[in-house]
Amino acid sequence: MLRKAVPVVHTIENIFAVVLMTLLTVLPLLLKIVQEYISIPVVDSDIALVNLVFLFTCVAGVITWRADKHLGLASLSDNAPDVVKKVLTVIRTGTVSAVLTALFFSAYSQAFTMFMPGDRVWGISKTLIYAFLPAAYLIMLIMVCLQKKNRISAIFGLIVGLVIAAGPLSGVLYYTFHTEHLGLLYAINDWWLSFSSVAVIPLVILMLVLAFLGVPLFIAIAGIAYIAFSQGGGYVEVVAIESYGIWTDKSIAAIPLFTTAGYLLSQGTAGQRLVGIFRSLFGWFRGGTVVAAVVVTTFFTTFTGVSGVTILALGSLLTIVLTGSGYGKENAESLITASGALGLLFPPSVAIIMYGTTNYFSVDVFDLFRAAVIPGAILALSMIVLGIIMDKNSTRPPFSFKDIRSSFAAGWLEILMPVLICITYFTGIFSLLECASFAVLYAFVLETFIRKDFSLRRVLSVIVESIPVSGGVLFIMGAAKGLSAFLVDAYIPQLLAEYVSTVVTSKYVFLLLLNIALLVVGCLMDIYSAILIVSPLIIPIAESFGLSAVHIGVIFLMNMQLGFLTPPVGMDLFIASYTFERPVIKIVKGIFPFLVVQFFILMCVTYIPWFTEIL
């Protein structure tokens, strides 16, 4: 009976996710038309949209878990003997069960105090919407416990999870049943808080090791955040709060939409048509398509402000274009990944604007734009040169105006899509979310009704296939946001700044330490949080060494874009792993030459101010 019910549940999950994706696709543009062109105001439209993204994320996370697609670091146990593998599987299962149990109760307990009773979005209680998060953790936990092979370790992990979640569990019991006499739970919680404060370092190291042994990355990061907040006083609910916060951010809302658009285009004939266009335009000289790929990724990131979105939206298509021109598949994916964040250094980059406005007493935005142009151009040029060196294809088609005309006639609608996205975003016609909504609608109409590559049933299956990519990326971002919140609450950036200012006396040593610290920050924090939190701390210290605030600003931004690629936890590595369906370790290996070149350029810009001051 249970086996028959499982496929039905899976079908319901898929249908719910597709319905949410459809609403996410249609509503942004529909609301724009109603509000701006018909002049009918819609109350809380933005809040409704981002909460719709939150609902989709929770459902997508469950589907990703069901498909076993939640990303992990490459397992060090792959080549271990069978006996060792069995032991490690038991440990992994117990750990996952324990962390999911703790996350469930911490998220559940927060539901009672997260919103006021009257907080609603279009008549729907925000508490009910938020309840999808603990429900998602619970469903994942149930799936772990239903596995026959490791059921004992899963149940043991559940018991451990109840112990470390004694505090949130007592809150759930109090708010649900008004139970006040919970002396045993209070005692267990006190023991856990005391133990975690003493054993925080070994516990964190253990979670890191388990991440390399195959524990899903979002579980490992969320587990570290949970341990950190436990030893800091027990406010473990912050992990759930921060996850809700980042999943209801409008800039994040574009990720599932661009992912879906990319899947629709990459699985139709769009790639073949684009290959024809790029081959006719650039294929006649060595590295021609490399130049096009780097320029397109840089241009797209400049306007979206989010490098991960560029990889998701264009990664599959550009890979097809490059490989169709004779470029190696792994080299193509590495080039696209390495170039994904370069656009953050060119105007009108949101990151530069935000940095300037955050530090407006020290830095002028226009000066920062001018200072970042040459370093950004050198980085882009270096990616092109390295990409051309890797282009070993010796057979190239001759230049032909006839081929260009015929390829454009066959694929002008495909090439028009990114052009329209950039124009509508740059001119302010569409927001990033509206651009993503437009991209899905454009891809759907193009591939289904114009090119006739898909039936409606096939479109639905393609959308379902894209869901684990969105769910995996967003859950990692939610867990990382929770860990980032602890770093802020623990004043880690301020403590580092104070330490550097008291210990370091040479500006050259300071610059080296600054780069190392910012690379770590770039791995652990999103760029906008880092700008708001970290940049105001380093400018006074840098100025005390006689360094220009503009020069430091460029160094900061270069480190942030490089941090997206820095192993082991650079966010673009995981986004690329999902997009290209390759293990993270192979992604790291592929981008290593690009990473070395970018780091060398960073060092040159760091120690030669001319690059930032000449303009």
Side-chain angles (χ1 to χ4, degrees), residues 255 258-259 261-263 265-267 270-271 274-275 277-279 282-283 287-346 376 379-393 414-415 417-418 421-422 439 466 469 473 561-567 570-598:
I255 286 180
F258 274 126
T259 302
Y263 262 71
L265 292 171
S266 64
Q267 297 198 24
L274 287 171
V275 165
I277 293 173
F278 279 87
R279 286 194 71 180
F282 306 107
T289 49
V290 171
V291 175
V294 174
V295 170
V296 168
T297 54
T298 301
F299 190 65
F300 195 80
T301 304
T302 295
F303 294 120
T304 62
V306 186
S307 63
V309 168
T310 301
I311 297 171
L312 287 169
L314 302 177
S316 299
L317 283 176
L318 289 177
T319 300
I320 293 171
V321 169
L322 287 165
T323 54
S325 301
Y327 207 72
K329 187 171 185 294
E330 292 189 2
N331 287 339
E333 293 168 351
S334 300
L335 176 68
I336 295 163
T337 304
S339 305
L342 299 182
L344 298 175
L345 296 168
F346 293 95
L379 281 171
L381 183 61
S382 69
M383 296 300 96
I384 289 172
V385 170
L386 195 56
I388 290 174
I389 292 173
M390 292 182 175
D391 185 2
K392 304 299 183 183
N393 183 35
E414 281 77 6
I415 205 72
M417 178 182 165
I421 289 174
C422 291
S466 74
V469 177
V473 170
Q561 70 89 20
L562 190 56
F564 288 130
L565 299 170
T566 304
M571 186 56 64
D572 280 7
L573 299 177
F574 306 118
I575 292 175
S577 179
Y578 273 112
T579 303
F580 303 127
E581 297 182 349
R582 290 172 59 201
V584 175
I585 292 298
K586 289 191 175 181
I587 295 290
V588 173
K589 182 180 177 181
I591 69 162
F592 186 74
F594 299 94
L595 201 62
V596 170
V597 171
Q598 289 192 23

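On a predicted model such as this, the values are computed, not experimentally measured, just so you know.
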> What's the spacing between L595 CG and S334 OG if we round to 0.5 Å?
Replying inline: 11.0 Å
> side chain to side chain contact (heavy atoms under 4.5 Å, CB included) between Q598 and Q561: does it pass, once the steps are laid out?
Replying inline: CA-CA 10 Å; Q598 289 192 23; Q561 70 89 20; 3.3 Å; yes
> Closest heavy-atom contact between V294 and S339?
Replying inline: CG2-OG, 3.7 Å
> Can you find a pair of side-chain heavy atoms, one from M390 and one from P593, that are under 4.5 Å apart?
Replying inline: yes
Acceptor/donor pairs from residues 314-323 side chains to any protein atom, 3.5 angstrom cut, sequence neighbours excluded:
residue, atom, partner, partner atom, Å
T319, OG1, G315, O, 2.7
T323, OG1, T319, O, 2.7
T323, OG1, I320, O, 3.2

> What's the spacing between R582 CZ and K329 NZ if we round to 0.5 Å?
Replying inline: 7.0 Å
> G387 and F594: which non-hydrogen atoms are nearest, and at how many Å?
Replying inline: N-CE2, 4.4 Å
> Sequence neighbours excluded, which residues qualify as side chain to side chain contact (heavy atoms under 4.5 Å, CB included) partners of I415?
Replying inline: L274, I277, F278, F408
> Which distance, rounded to the nearest 0.5 Å, do you find between the CG of L335 and the CD1 of I384?
Replying inline: 9.0 Å
> Between M383 and V290, is any pair of side-chain heavy atoms under 4.5 Å apart?
Replying inline: no
> Do side-chain atoms of S382 reach the backbone of L379 as a donor and acceptor pair under 3.5 angstrom?
Replying inline: yes
> Looking only at heavy atoms, which two atoms of F346 and G376 are closest? And how far apart?
Replying inline: CZ-C, 3.2 Å
> How far apart are the C-alpha atoms of L342 and T297, what are their side-chain angles, what is the distance that settles it, and do they pass the side chain to side chain contact (heavy atoms under 4.5 Å, CB included) test?
Replying inline: CA-CA 8 Å; L342 299 182; T297 54; over 6 Å; no
> Got a second to check how far L345's CG is from T298's OG1, nearest 0.5 Å?
Replying inline: 9.5 Å
> Is I587 close to D572 at the side-chain level, that is, under 4.5 Å between some pair of heavy atoms?
Replying inline: no
> If you round to the nearest 0.5 Å, how far is CD of E581 from CD of E333?
Replying inline: 9.5 Å
>> Quick check for you: to the nearest 0.5 Å, what is the distance between I389 atom CD1 and N331 atom CG?
In response: 11.5 Å
> What are the two closest non-hydrogen atoms of A576 and I311, and how far apart are they?
Replying inline: CA-CG2, 4.1 Å
